[in-house]
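Contents: one structure, followed by commentary.
Computed from heavy atoms alone, side chains included, the values below leave out hydrogens, waters and symmetry copies. Remember, it's a predicted structure, so these values are computed and weren't measured experimentally. Every chain is numbered from 1 and lettered A, B, ... according to where its sequence line falls, protein lines coming before strand lines.
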Protein chains: 2
Amino acid sequence: MTSSRSGARTGAAGLAALASLVADETRAGFLLALLDGRAWTAGELARHAGVAPSTTSEHLGKLVAGGLLAEDRQGRHRYVRLADARVAQLVEDLAAQVSPAATMKPRTLREAGAGSAMARGRTCYDHLAGRLGIAVTDALTGLGLLRQDTGFALTDEGVGWFEETGIPLIRTGRRPLARACLDWTERRPHLAGIAGAALCHHALTANWCVRIGSERAVKVTETGEQALSRLLGIQSETLR
Amino acid sequence: MTSSRSGARTGAAGLAALASLVADETRAGFLLALLDGRAWTAGELARHAGVAPSTTSEHLGKLVAGGLLAEDRQGRHRYVRLADARVAQLVEDLAAQVSPAATMKPRTLREAGAGSAMARGRTCYDHLAGRLGIAVTDALTGLGLLRQDTGFALTDEGVGWFEETGIPLIRTGRRPLARACLDWTERRPHLAGIAGAALCHHALTANWCVRIGSERAVKVTETGEQALSRLLGIQSETLR
DNA sequence: TGAAAGCTTCGGCGGTGGCCGAAGTGTGGG
DNA sequence: CCCACACTTCGGCCACCGCCGAAGCTTTCA
C-alpha cells in the first residue's frame, strides 16, 4: 500500500479538522458548558472560560463554521447552543472517554458541594443523568420497560408506559427512540434519545425536578419524589 | 457564575487533550487505517501516511500514551492497534460526523474502484459494514431478530438465532451485546457490539467472505452467498 | 442624541507542535 | 561477527494558533 495522499487523506483531514475544534481547552470548556442544552451568550461563555470577549468571538466563529454550534442573533446578543443532539452525543462520548483518566477529585469544599449536587442529578444535554438518571433507567429496566441485556431498547410495554403516563414520544428523523449514554459520575449507561429527552422535558415541566443555580444540576422536588415512587417504584432515599 | 478555573477546567483540559490526539492529520490517518482492526507496524503506517519514520515514532508515542493505541513489541518491530472497541467506536463516531461534510466523490478511477469495493462490503474495526453490513442488519431486523424501532437490541429470537447458527455470543465486561454503528457510505446504522463482532468473525472464519488486498474491503464468496441466503434470506444481488 | 453594553475585527506577540535529517540503539540474518 | 533493518532520540526549523488590547460597529436605554 503506497502513500495515497488524496484518497485516504481527505477522510483524515476532515477527521483532524473536526477534532481540532475540540482540541482547544477554551473551546472544550464552551462545549461542556453548552451540554446543559441551553443557549448561552458569547459574554457568558467568555466570563465562564476567563478569556477576553475578542478571543471568545473567534472561538465561536470556528465552532459555528465547523457545524458544532448553532447561533441565534438577538439584538446585541449572540446566543449559541449545540447544533443538535448528534453533536451533544459526540461531546458526551468524548467526555466519557476522558473521565476515567481524570479521576474526578474535588479540590475545594465549594467544588465538593457543587460536585455532589451534580452527582445527585443533572441534565446531560436534553436528558437526565447522575444518580437520578441512573435510578430512572434502572427502574425502567427492572419493570421490563427497557431492555439492556441484549442492546438498549424500550420494550412494547415501555412504549405503552410513556403513552399512559402522558409523555408523548414524537419520532423525529433518524434519532433513535432510546439510546444509551454513558454516565460520567456513575460509569453506567442511562437513558438518552427521544425517550430520554421526553422524560426529562416532562420532569421539568411537571415540576418533578428543578434546576439549581445556573448550572446543569437539578434537584428532585417533593412532587417528583411522589411521582417517581408511584410510577416507577423509586425509593426517595435513592435520590439523596 | 464566575470563571471557575479549577473545577470545570479539569474536564475541559482532558477533553481538549484527547481531541488533540486526533486533531493532527497524520495521526488521524493512522487511526482510520487502524480501523481495520488489525495491528500495523510503525513502518507500514509511516509509508501509508507518507511521513518519516522518526515522525511516525513520535506520533505513536503520543497515541499510546494517550491510551488510544495498544502496542506489541516483537523483535525489531513495533506493532500497534486500536486499544479497544471503545476507542474504535469513538473514531467511528467522529468519522461519521465528518463524512456528511466531505461528500465523498472519488477523484480517480482507481479510487472509484477501491471506493466501490469498500462500499460493497468492509470491516469496521471488528464488525461488518458497507452494503454487506446493512444487508445483514436489515435481514435480521426483517426477521424479527433485531429491533431498531424502539432503540437497538437483539430480540430473544435473535439471541436464539445466533446460538442455533453456531455463532457464540460471549459476554465480556460491559460491552453491549448489540449496538448501532452509523455506516459511513450507507448513512444508516449497522450491527456492532458483541453480536456484530461475533458475526464478522464467523463470516471470515467460515469463509463467507474474504479480505481484498490489504485494505478493509471484503468480498462475499460463493459459500457466503448461499449461507446468507439460506440463513437470512438475503438475495445475492443485494451484495453486488 | 449621547452613552453604555455586547460583540467583532485587526495587528502583534509568544508558545506549541509537526516535520525532517542525522546519529544512536537494539534485533535478526548471513 | 558484521551488516542490514526497524525504530528512537535529538536538534533545529518553520508554521500555526490562541491570546490580548485597541479600535470600530450595532443595538439599547436614558
With a cut-off of 3.5 Å and sequence neighbours excluded, list every side-chain donor-acceptor pair involving residues 128-136 of chain A.
from: A/R131; atom 1: NH2; to: A/R240; atom 2: O; distance (Å): 2.5

Distances under 3.5 Å only, N/O to N/O: pair up the protein atoms with those of nucleotides 12-18 of chain D.
from: D/dG18; atom 1: OP1; to: A/R27; atom 2: NH1; distance (Å): 3.0
from: D/dG18; atom 1: OP1; to: A/R27; atom 2: NH2; distance (Å): 2.7
from: D/dG18; atom 1: OP2; to: A/K62; atom 2: NZ; distance (Å): 2.4

From [atom1] of [X] over to [atom2] of [N], roughly how many Å is that when rounded to an integer?
| X | N | atom1 | atom2 | result |
| --- | --- | --- | --- | --- |
| B/L63 | C/dG17 | CG | C1' | 14 Å |
| A/R76 | C/dA3 | CZ | P | 16 Å |
| B/W40 | D/dA6 | CH2 | C1' | 17 Å |
| A/E25 | C/dG17 | CD | P | 12 Å |
| A/H77 | D/dT27 | NE2 | C1' | 9 Å |
| B/R47 | D/dC7 | CZ | C1' | 12 Å |
| A/L45 | D/dC19 | CG | P | 13 Å |
| A/R73 | C/dC7 | CZ | P | 9 Å |

Under 3.5 Å donor-acceptor pair, A/S54 side-chain atoms to D/dG21 base atoms: yes

Answer with yes or no whether B/R78 presents, from its side chain, a donor or acceptor under 3.5 Å of a partner atom in the base of D/dC7. no

Which residue, A/L82, A/V22, A/L18, forms the side chain to side chain contact (heavy atoms under 4.5 Å, CB included) with A/L90?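 Result: among A/L82, A/V22, A/L18, A/L18 is the only option passing the side chain to side chain contact (heavy atoms under 4.5 Å, CB included) with A/L90.
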
Residue closer to the 5' end of DNA chain D, A/P53 versus B/Y79 (nearest nucleotide):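 Here B/Y79 is the residue nearer the 5' end.
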
Tell me yes or no: between the side chains of A/R122 and A/T185, is some donor less than 3.5 Å from an acceptor? yes

Residue of the set A/R38, A/R216, A/R211 for which side chain to side chain donor-acceptor pair (under 3.5 Å) holds with A/T123: A/R211

Going by the angle between their ring planes, with limits at 30° and 60°, are A/F30 and A/H59 parallel, tilted or perpendicular?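 The arrangement is perpendicular - the two ring planes meet at more than 60°.
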
Across the strands shown, which category fits B/T56 at heavy-atom distances under 4.0 angstrom: base, sugar-phosphate, nothing? nothing

Can a salt bridge be assigned to the pair A/R179 and A/E92 using a cut-off of 4.0 Å between side-chain N and carboxylate O?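 Counted as a salt bridge, because a side-chain N and a carboxylate O are separated by less than 4.0 Å.
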
Taking only Lys NZ, Arg NE, NH1 and NH2, and the carboxylate oxygens of Asp or Glu, determine whether B/D84 and B/R86 approach each other closer than 4.0 Å.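 No, B/D84 and B/R86 are not salt-bridged.
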
